[in-house]
Amino acid sequence: MPKLRSRLSASALQLRDQCARRFALQYQSGWRWPVAEKLSATNQQALGAAFHRLVLRQRLGILLGELTGELAELWRCFLASPYASGNGTAEQALHFVLKGIPFVVRFDELRRQGNSWIILDWKIGNRSADELAASWQTRLYRYALAEAGGSLLNQGQPIPPEAIELIYWLVRPGRAVHLTYDTATFLTDRELLSQVAQEAQILPDDLPY
């Protein structure tokens with residue numbers, strides 16, 4: 001079995017859908033796509049990254065400084081939301097291994113309410129509920145919490161899927177997309193992620209050009 005240079009994340013699974021060879025080169029051989037691609041990143045991507053850093057700074061009690069332009073507008077929208085005040089764990093990382101392949105997720109914020117768990121994720125643009133529900137991020141995030149979330153409580157038992165909800169907060173329209181979970185979907189996600197884990201073991205040289 002090849003040794004992966006990186007743990008598989010939601011972005012890795014999206015990359016796999018785009019190009020199997022690029023996926024294998026990056027996550028097995030450590031190759032990175034040419035820097036030129038980074039230069040073509042959209043302003044929306046940069047704005048999203050800046051907004052996420054801003055939320056983290058607020059959660060950590062770090063002064064935000066003066067905000068201007070579109071970022072300031074996003075921040076005003078966020079402060080008017082139900083999630084302006086944090087009572088969870090920001091940037092919570094969680095790891096698990098499936099079929100010998102390591103996976104990782106990093107939740108924007110994770111909250112526990114009694115026996116229920118809420119994963120919060122911030123999106124600065126508008127997305128449809130169907131698009132978000134079908135995304136690799138949704139599948140991986142909910143599965144990871146059900147599979148490995150027990151480690152957050154130093155307990156061996158997994159978290160029941162029915163106790164998990166993923167909420168995407170769409171900052172600009174000020175709208176929440178609520179995605180609950182259940183055991184049947186958990187088992188389907190396990191099959192899909194197991195398939196990805198098997199594909200991750202294919203060496204780049206064994207893939208067609």
If you round to the nearest 0.5 Å, how far is [atom2] of [Y] from [atom1] of [X]?
X: E162; Y: Y181; atom1: CD; atom2: OH; value: 10.0 Å
X: L71; Y: I124; atom1: CG; atom2: CD1; value: 9.0 Å
X: L67; Y: F51; atom1: CG; atom2: CZ; value: 10.5 Å
X: I167; Y: L132; atom1: CD1; atom2: CG; value: 12.5 Å
X: W75; Y: T68; atom1: CH2; atom2: OG1; value: 14.5 Å
X: L74; Y: R172; atom1: CG; atom2: CZ; value: 4.5 Å

Legend entry - Partners passing side-chain hydrogen bond (donor to acceptor under 3.5 Å, both in side chains) against D130 (at least two apart in sequence or in another chain):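 Per chain and number, D130 pairs via side-chain hydrogen bond (donor to acceptor under 3.5 Å, both in side chains) with no residue.
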Inset, instruction - Could you pull out all residues at least two apart from D108 that satisfy side-chain hydrogen bond (donor to acceptor under 3.5 Å, both in side chains)? - result: H52
Just by modelled atom types, is the [Y] backbone N or O under 3.5 Å from a matching donor or acceptor in the [X] side chain?
X: R142; Y: T185; result: no
X: T89; Y: Q92; result: no
X: R127; Y: V177; result: no
X: R112; Y: G114; result: yes
X: R106; Y: E91; result: yes
X: T188; Y: A184; result: yes

Inset, instruction - Any pair with a residue in residues 53-63 that passes side chain to side chain donor-acceptor pair (under 3.5 Å), sequence neighbours left out, goes on the list, sorted by first then second residue, please. - result: R59-E109
Legend entry - Side-chain H-bond candidate by donor/acceptor type, E191 with Q195, under 3.5 Å: no
Legend entry - Modelled atom types, side-chain donor and acceptor of S135 and T138, under 3.5 Å: yes
How close do [X] and [Y] get, heavy atom to heavy atom, and via which atoms?
X: A197; Y: I101; answer: O-CG1, 3.4 Å
X: A146; Y: P161; answer: CB-CG, 4.3 Å
X: G100; Y: P102; answer: O-CD, 3.9 Å

Can you find a heavy atom in the side chain of [X] that is under 4.5 Å from one in the side chain of [Y]?
X: P158; Y: E147; answer: no
X: Q137; Y: D121; answer: yes
X: V104; Y: L94; answer: no
X: F107; Y: I118; answer: no
X: I119; Y: I164; answer: yes
X: V97; Y: F103; answer: no

Inset, instruction - Could you identify which residues cluster with L60, counting Ile, Leu, Val, Met, Phe, Trp and Tyr as linked when any side-chain heavy atoms lie under 4.5 Å apart, either directly or through a chain of such contacts? - result: L56, I62
Inset, instruction - Take L166 and L120 through the side-chain contact (heavy atoms from CB on, under 4.5 Å) test and state the conclusion after the steps. - result: CA-CA 6 Å; L166 171 56; L120 290 172; over 6 Å; no
Inset, instruction - Only counting residues at least two apart or in another chain, list the ones meeting ring-ring contact (aromatic ring centres under 6.0 Å, His included) with Y83. - result: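 Residues passing ring-ring contact (aromatic ring centres under 6.0 Å, His included) with Y83: W169.
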Inset, instruction - Could you pull out all residues at least two apart from F186 that satisfy ring-ring contact (aromatic ring centres under 6.0 Å, His included)? - result: Y143
Inset, instruction - Apply side-chain contact (heavy atoms from CB on, under 4.5 Å) to the pair I159 and L152, showing each step before the final yes or no. - result: CA-CA 10 Å; I159 294 174; L152 300 175; 5.7 Å; no
Inset, instruction - Report the C-alpha distance between R111 and N87 in whole Å, list the side-chain angles of each, state the deciding distance to 0.1 Å, and finish with yes or no for side-chain hydrogen bond (donor to acceptor under 3.5 Å, both in side chains). - result: CA-CA 7 Å; R111 297 184 178 184; N87 60 0; 2.9 Å; yes
Inset, instruction - Could you label the plane-to-plane angle of the W122 and F78 rings as parallel, tilted or perpendicular, counting under 30° as parallel and over 60° as perpendicular? - result: perpendicular
Inset, instruction - For F96 and L98, run side-chain contact (heavy atoms from CB on, under 4.5 Å): C-alpha distance rounded to whole Å, both residues' side-chain angles, the deciding distance at 0.1 Å, then the answer. - result: CA-CA 7 Å; F96 68 92; L98 185 62; 4.1 Å; yes
